[in-house]
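Below is one structure, written out as C-alpha coordinates; comments come after it.
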Amino acid sequence: KASQQEYLKEELQKRFMLAGFLNIILSPFLVAYFLLLYFFRYFNEYKTSPGSLGARQYTPMADWKFREYNELYHLFQRRIGLSAGLADKYINQFPKEGTNIFLRFVAFVSGSFVAVLALLTIFDPENFFNFEITHERTALFYITILGAVWTVCKNSVSDDYNVFDPEKTISELASYTHYLPDEWNGRYHTEEVKNEFCKLYNLRIIILLRELASLVLTPFILWFSLPKSADKIVEFFRETSVYVDGLGYVCKYAMFGVNEPKEFPEGKVQQGSSKQA
(Lines give C-alpha, C1' and ligand atoms only; values in the text may rest on other atoms or scores of the structure.)
Protein backbone atom coordinates (compact mmCIF):
# COMPACT_ATOMS: atom_id res chain seq x y z
CA LYS A 1 0.00 0.00 0.00
CA ALA A 2 1.18 3.50 -0.80
CA SER A 3 0.48 4.67 2.76
CA GLN A 4 3.06 2.20 4.10
CA GLN A 5 5.76 2.99 1.55
CA GLU A 6 7.72 5.38 3.80
CA TYR A 7 7.59 2.92 6.72
CA LEU A 8 8.75 0.04 4.52
CA LYS A 9 11.55 2.17 3.11
CA GLU A 10 12.88 2.97 6.60
CA GLU A 11 12.62 -0.67 7.71
CA LEU A 12 14.45 -1.86 4.59
CA GLN A 13 17.22 0.69 5.18
CA LYS A 14 17.64 -0.59 8.75
CA ARG A 15 17.86 -4.18 7.54
CA PHE A 16 20.46 -3.30 4.92
CA MET A 17 22.60 -1.56 7.54
CA LEU A 18 22.19 -4.46 9.99
CA ALA A 19 23.20 -6.91 7.27
CA GLY A 20 26.22 -4.72 6.43
CA PHE A 21 27.28 -4.67 10.10
CA LEU A 22 27.00 -8.46 10.37
CA ASN A 23 28.95 -8.88 7.12
CA ILE A 24 31.79 -6.72 8.46
CA ILE A 25 32.06 -8.99 11.49
CA LEU A 26 31.82 -12.22 9.47
CA SER A 27 33.87 -11.21 6.40
CA PRO A 28 37.26 -12.52 7.73
CA PHE A 29 35.70 -15.92 8.42
CA LEU A 30 33.90 -15.93 5.06
CA VAL A 31 37.09 -15.07 3.16
CA ALA A 32 38.98 -17.87 4.95
CA TYR A 33 36.14 -20.33 4.27
CA PHE A 34 35.90 -19.55 0.56
CA LEU A 35 39.69 -19.61 0.12
CA LEU A 36 39.76 -23.13 1.53
CA LEU A 37 36.68 -24.12 -0.49
CA TYR A 38 38.14 -22.94 -3.80
CA PHE A 39 41.53 -24.46 -2.99
CA PHE A 40 40.13 -27.93 -2.33
CA ARG A 41 37.68 -27.69 -5.23
CA TYR A 42 40.09 -26.62 -7.96
CA PHE A 43 43.55 -27.72 -6.78
CA ASN A 44 43.46 -31.20 -8.32
CA GLU A 45 41.93 -29.85 -11.54
CA TYR A 46 44.66 -27.25 -12.02
CA LYS A 47 47.36 -29.70 -10.92
CA THR A 48 46.42 -32.41 -13.42
CA SER A 49 45.40 -29.99 -16.17
CA PRO A 50 47.19 -26.61 -15.90
CA GLY A 51 45.66 -25.54 -19.21
CA SER A 52 42.30 -25.22 -17.48
CA LEU A 53 43.57 -21.94 -15.98
CA GLY A 54 42.41 -20.37 -19.25
CA ALA A 55 38.95 -21.95 -19.05
CA ARG A 56 35.91 -19.67 -19.16
CA GLN A 57 32.47 -19.90 -17.64
CA TYR A 58 29.33 -17.80 -17.47
CA THR A 59 29.26 -15.15 -14.77
CA PRO A 60 26.44 -14.88 -12.19
CA MET A 61 25.17 -11.83 -14.12
CA ALA A 62 24.89 -13.99 -17.24
CA ASP A 63 22.79 -16.52 -15.32
CA TRP A 64 20.38 -13.73 -14.34
CA LYS A 65 20.17 -12.47 -17.93
CA PHE A 66 19.84 -15.87 -19.66
CA ARG A 67 17.40 -17.67 -17.38
CA GLU A 68 13.76 -17.48 -18.40
CA TYR A 69 10.94 -16.69 -15.99
CA ASN A 70 9.73 -19.86 -14.21
CA GLU A 71 12.39 -21.97 -15.99
CA LEU A 72 13.38 -25.05 -14.01
CA TYR A 73 16.99 -24.86 -12.90
CA HIS A 74 18.13 -28.21 -14.32
CA LEU A 75 16.67 -27.32 -17.73
CA PHE A 76 18.45 -23.97 -17.61
CA GLN A 77 21.75 -25.66 -16.72
CA ARG A 78 21.37 -28.09 -19.63
CA ARG A 79 20.65 -25.27 -22.07
CA ILE A 80 23.62 -23.20 -20.88
CA GLY A 81 25.90 -26.26 -20.88
CA LEU A 82 25.14 -26.86 -24.54
CA SER A 83 26.12 -23.26 -25.35
CA ALA A 84 29.59 -23.34 -23.75
CA GLY A 85 31.34 -24.85 -26.77
CA LEU A 86 29.84 -22.25 -29.11
CA ALA A 87 30.79 -19.46 -26.69
CA ASP A 88 34.42 -20.60 -26.76
CA LYS A 89 34.27 -20.86 -30.53
CA TYR A 90 32.94 -17.30 -30.89
CA ILE A 91 35.64 -15.78 -28.67
CA ASN A 92 38.50 -17.79 -30.16
CA GLN A 93 37.63 -16.63 -33.68
CA PHE A 94 38.94 -13.15 -33.03
CA PRO A 95 42.62 -12.69 -33.89
CA LYS A 96 45.02 -11.97 -31.04
CA GLU A 97 48.40 -12.04 -32.73
CA GLY A 98 50.25 -10.08 -30.05
CA THR A 99 49.09 -12.44 -27.31
CA ASN A 100 49.81 -15.51 -29.45
CA ILE A 101 53.37 -14.36 -30.18
CA PHE A 102 54.05 -13.77 -26.49
CA LEU A 103 52.56 -17.13 -25.46
CA ARG A 104 54.54 -18.98 -28.14
CA PHE A 105 57.74 -17.30 -26.96
CA VAL A 106 57.11 -18.23 -23.31
CA ALA A 107 56.16 -21.77 -24.34
CA PHE A 108 59.34 -22.09 -26.42
CA VAL A 109 61.61 -20.85 -23.61
CA SER A 110 59.99 -22.94 -20.88
CA GLY A 111 59.82 -26.00 -23.13
CA SER A 112 63.51 -25.63 -24.00
CA PHE A 113 64.53 -25.57 -20.33
CA VAL A 114 62.34 -28.60 -19.59
CA ALA A 115 63.90 -30.49 -22.51
CA VAL A 116 67.46 -29.71 -21.36
CA LEU A 117 66.72 -30.69 -17.76
CA ALA A 118 64.97 -33.88 -18.89
CA LEU A 119 67.98 -34.89 -21.04
CA LEU A 120 70.37 -34.32 -18.15
CA THR A 121 68.28 -36.51 -15.87
CA ILE A 122 68.55 -39.33 -18.42
CA PHE A 123 72.36 -39.22 -18.44
CA ASP A 124 72.80 -39.06 -14.66
CA PRO A 125 69.43 -39.55 -12.92
CA GLU A 126 70.73 -40.41 -9.43
CA ASN A 127 72.89 -37.33 -8.98
CA PHE A 128 70.87 -34.89 -11.03
CA PHE A 129 67.61 -35.29 -9.10
CA ASN A 130 69.48 -34.34 -5.91
CA PHE A 131 71.32 -31.43 -7.57
CA GLU A 132 70.08 -28.02 -6.40
CA ILE A 133 69.88 -25.49 -9.24
CA THR A 134 68.98 -22.77 -6.72
CA HIS A 135 68.86 -22.87 -2.94
CA GLU A 136 66.72 -25.88 -1.90
CA ARG A 137 65.25 -26.10 -5.40
CA THR A 138 66.14 -29.25 -7.34
CA ALA A 139 65.84 -29.98 -11.04
CA LEU A 140 62.58 -31.87 -10.43
CA PHE A 141 61.03 -28.71 -8.98
CA TYR A 142 61.92 -26.65 -12.06
CA ILE A 143 60.79 -29.40 -14.45
CA THR A 144 57.39 -29.37 -12.73
CA ILE A 145 57.00 -25.57 -12.71
CA LEU A 146 58.28 -24.98 -16.24
CA GLY A 147 56.22 -27.89 -17.52
CA ALA A 148 53.09 -26.34 -16.09
CA VAL A 149 53.98 -22.96 -17.66
CA TRP A 150 54.54 -24.65 -21.03
CA THR A 151 51.17 -26.45 -20.82
CA VAL A 152 49.25 -23.28 -19.94
CA CYS A 153 50.86 -21.24 -22.73
CA LYS A 154 50.50 -24.01 -25.31
CA ASN A 155 46.79 -24.50 -24.60
CA SER A 156 46.14 -20.74 -24.61
CA VAL A 157 47.44 -20.18 -28.15
CA SER A 158 44.63 -19.74 -30.66
CA ASP A 159 44.08 -22.31 -33.38
CA ASP A 160 45.64 -21.19 -36.68
CA TYR A 161 42.77 -22.76 -38.64
CA ASN A 162 39.85 -20.89 -37.07
CA VAL A 163 37.28 -19.73 -39.61
CA PHE A 164 36.17 -16.16 -38.90
CA ASP A 165 32.37 -16.28 -39.08
CA PRO A 166 31.07 -14.59 -35.90
CA GLU A 167 27.59 -13.90 -37.30
CA LYS A 168 26.81 -17.59 -37.77
CA THR A 169 28.42 -18.62 -34.49
CA ILE A 170 26.64 -16.07 -32.32
CA SER A 171 23.30 -16.88 -34.00
CA GLU A 172 23.75 -20.55 -33.07
CA LEU A 173 24.84 -19.47 -29.60
CA ALA A 174 21.72 -17.33 -29.13
CA SER A 175 19.52 -20.36 -29.86
CA TYR A 176 20.74 -21.73 -26.50
CA THR A 177 21.30 -18.58 -24.44
CA HIS A 178 18.18 -16.76 -25.74
CA TYR A 179 20.20 -13.56 -25.45
CA LEU A 180 21.04 -11.35 -28.42
CA PRO A 181 20.67 -7.58 -27.75
CA ASP A 182 19.44 -5.41 -30.60
CA GLU A 183 22.40 -3.06 -30.20
CA TRP A 184 24.71 -5.92 -31.23
CA ASN A 185 22.93 -6.32 -34.56
CA GLY A 186 25.34 -5.91 -37.47
CA ARG A 187 28.34 -5.59 -35.13
CA TYR A 188 28.95 -9.22 -34.17
CA HIS A 189 32.40 -9.08 -35.80
CA THR A 190 33.62 -6.10 -33.75
CA GLU A 191 35.85 -6.11 -30.69
CA GLU A 192 33.26 -4.08 -28.76
CA VAL A 193 30.62 -6.81 -28.99
CA LYS A 194 33.19 -9.49 -28.24
CA ASN A 195 34.33 -7.61 -25.11
CA GLU A 196 30.73 -7.15 -23.96
CA PHE A 197 30.14 -10.88 -24.38
CA CYS A 198 33.37 -11.64 -22.50
CA LYS A 199 31.96 -9.78 -19.51
CA LEU A 200 29.22 -12.44 -19.43
CA TYR A 201 31.55 -15.34 -20.30
CA ASN A 202 34.71 -14.55 -18.40
CA LEU A 203 37.81 -16.44 -17.29
CA ARG A 204 37.05 -18.70 -14.37
CA ILE A 205 40.03 -17.43 -12.38
CA ILE A 206 38.77 -13.84 -12.79
CA ILE A 207 35.30 -14.84 -11.58
CA LEU A 208 36.81 -16.51 -8.50
CA LEU A 209 38.89 -13.42 -7.69
CA ARG A 210 35.83 -11.18 -8.06
CA GLU A 211 33.82 -13.43 -5.76
CA LEU A 212 36.54 -13.16 -3.13
CA ALA A 213 36.69 -9.38 -3.59
CA SER A 214 32.91 -9.19 -3.23
CA LEU A 215 33.18 -10.63 0.30
CA VAL A 216 35.14 -7.52 1.27
CA LEU A 217 33.03 -5.03 -0.71
CA THR A 218 29.58 -6.38 0.21
CA PRO A 219 29.45 -4.83 3.72
CA PHE A 220 30.15 -1.38 2.29
CA ILE A 221 27.50 -1.82 -0.42
CA LEU A 222 24.95 -2.92 2.19
CA TRP A 223 25.83 -0.04 4.52
CA PHE A 224 26.27 2.88 2.10
CA SER A 225 24.79 2.10 -1.33
CA LEU A 226 21.66 -0.04 -0.97
CA PRO A 227 19.94 2.11 1.71
CA LYS A 228 19.86 4.96 -0.83
CA SER A 229 17.92 2.69 -3.21
CA ALA A 230 15.45 1.37 -0.62
CA ASP A 231 12.59 3.55 -1.87
CA LYS A 232 13.09 2.37 -5.47
CA ILE A 233 13.19 -1.27 -4.35
CA VAL A 234 9.94 -0.91 -2.39
CA GLU A 235 8.31 0.88 -5.33
CA PHE A 236 9.40 -1.87 -7.72
CA PHE A 237 7.75 -4.56 -5.59
CA ARG A 238 4.64 -2.44 -5.27
CA GLU A 239 4.35 -1.89 -9.03
CA THR A 240 5.24 -5.39 -10.24
CA SER A 241 3.47 -7.63 -7.68
CA VAL A 242 0.15 -9.23 -8.64
CA TYR A 243 -2.13 -11.52 -6.65
CA VAL A 244 -3.04 -14.82 -8.33
CA ASP A 245 -5.59 -17.25 -6.92
CA GLY A 246 -3.82 -20.35 -5.70
CA LEU A 247 -0.37 -18.77 -5.91
CA GLY A 248 -0.49 -15.59 -3.86
CA TYR A 249 1.63 -12.57 -4.75
CA VAL A 250 4.00 -13.10 -7.68
CA CYS A 251 5.98 -10.92 -10.07
CA LYS A 252 3.70 -9.89 -12.92
CA TYR A 253 6.44 -10.57 -15.48
CA ALA A 254 6.41 -14.24 -14.46
CA MET A 255 2.81 -14.54 -15.70
CA PHE A 256 3.90 -13.98 -19.34
CA GLY A 257 0.94 -11.66 -19.95
CA VAL A 258 -1.42 -14.59 -20.60
CA ASN A 259 -4.17 -12.97 -18.55
CA GLU A 260 -4.15 -9.28 -17.79
CA PRO A 261 -4.29 -8.60 -14.01
CA LYS A 262 -7.39 -6.97 -12.59
CA GLU A 263 -7.15 -4.34 -9.83
CA PHE A 264 -9.60 -4.20 -6.93
CA PRO A 265 -10.52 -1.18 -4.78
CA GLU A 266 -8.75 -2.55 -1.68
CA GLY A 267 -5.43 -2.42 -3.53
CA LYS A 268 -5.04 -6.09 -4.38
CA VAL A 269 -4.38 -7.07 -7.93
CA GLN A 270 -5.99 -10.35 -8.91
CA GLN A 271 -5.48 -12.45 -12.01
CA GLY A 272 -8.57 -12.42 -14.21
CA SER A 273 -10.23 -15.59 -15.45
CA SER A 274 -9.85 -16.85 -18.98
CA LYS A 275 -13.35 -15.56 -19.84
CA GLN A 276 -12.42 -12.08 -18.62
CA ALA A 277 -9.23 -12.22 -20.71
Side-chain angles (χ1 to χ4, degrees), residues 1-34 37 58-77 80 177-184 196 199-200 202 206-277:
K1 296 181 180 179
S3 59
Q4 294 183 330
Q5 187 168 353
E6 189 65 25
Y7 168 76
L8 294 174
K9 169 190 170 184
E10 294 176 358
E11 288 297 312
L12 186 58
Q13 287 176 335
K14 293 177 182 178
R15 295 196 181 193
F16 279 143
M17 297 179 72
L18 176 61
F21 176 73
L22 294 176
N23 271 265
I24 291 175
I25 297 175
L26 296 175
S27 58
F29 304 100
L30 291 173
V31 170
Y33 168 76
F34 279 101
L37 176 65
Y58 287 109
T59 64
M61 178 59 71
D63 291 344
W64 281 102
K65 287 180 176 289
F66 296 167
R67 190 173 179 181
E68 305 285 359
Y69 285 113
N70 296 342
E71 184 176 16
L72 296 177
Y73 186 69
H74 69 282
L75 296 178
F76 169 71
Q77 287 293 99
I80 293 303
T177 61
H178 302 171
Y179 181 78
L180 197 62
D182 293 335
E183 57 267 23
W184 289 5
E196 289 181 23
K199 293 178 182 178
L200 301 174
N202 212 333
I206 299 297
I207 296 175
L208 294 181
L209 292 175
R210 286 180 175 175
E211 288 182 355
L212 290 175
S214 70
L215 297 175
V216 180
L217 296 175
T218 296
F220 298 98
I221 295 174
L222 286 167
W223 187 276
F224 296 106
S225 178
L226 286 179
K228 298 178 182 178
S229 304
D231 55 338
K232 296 180 181 179
I233 295 173
V234 172
E235 184 64 22
F236 173 82
F237 277 96
R238 180 174 174 271
E239 292 180 350
T240 61
S241 296
V242 295
Y243 185 84
V244 181
D245 289 333
L247 290 178
Y249 284 99
V250 298
C251 178
K252 69 179 182 181
Y253 299 117
M255 300 308 297
F256 300 102
V258 176
N259 297 325
E260 291 298 325
K262 176 182 177 183
E263 292 198 12
F264 289 86
E266 63 269 25
K268 282 187 177 180
V269 182
Q270 186 172 5
Q271 190 71 15
S273 65
S274 57
K275 292 181 180 180
Q276 292 172 333

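Nearest heavy atoms, Y243 versus D245: CE2-OD1, 3.8 Å. Considering all non-hydrogen atoms of both residues, T240 and Y253 come closest at CG2-CE1, 3.8 Å. The two atoms that bring P219 and G20 nearest to each other are CB-O, 3.6 Å, heavy atoms only.
Applying the side chain to side chain donor-acceptor pair (under 3.5 Å) rule to E6 yields no partners; only residues at least two apart in sequence or on another chain are considered. P181 meets the side-chain contact (heavy atoms from CB on, under 4.5 Å) test with Y179, E183, W184; sequence neighbours excluded.
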Take K199 and E196, measure what salt bridge (Lys or Arg N to Asp or Glu O under 4.0 Å) needs, and give me the verdict at the end.
CA-CA 5 Å; K199 293 178 182 178; E196 289 181 23; over 6 Å; no

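Using a cut-off of 4.0 Å between Lys/Arg side-chain N and Asp/Glu carboxylate O, R238 and E235 are scored as salt-bridged.
S214 contributes atom OG, which lies 10.0 Å from atom CG of N23 (distance to the nearest 0.5 angstrom). For the atom pair CG (L30) and CD1 (I25), the distance works out to 11.5 Å, reported to the nearest 0.5 Å. The structure places CG of D63 at 10.0 Å from CG of L200, a figure rounded to the nearest 0.5 Å. Here OG of S229 is found 10.5 Å from NZ of K9. Values are rounded to the nearest 0.5 Å. Interatomic distance, CG of L12 versus CD of Q5, reported as 11.5 Å (0.5 Å rounding). The distance from atom OG1 of T177 to atom NZ of K65, rounded to the nearest 0.5 Å, is 12.0 Å.
You'll find the side chain of F237 stays beyond 4.5 Å of the side chain of L8, heavy atoms only. Counting heavy atoms from C-beta on, the side chains of L222 and F224 never come closer than 4.5 Å.
Ring-plane geometry between F76 and Y73 is classed as tilted, the angle between the planes lying from 30 to 60 degrees on a 0 to 90 degree scale.
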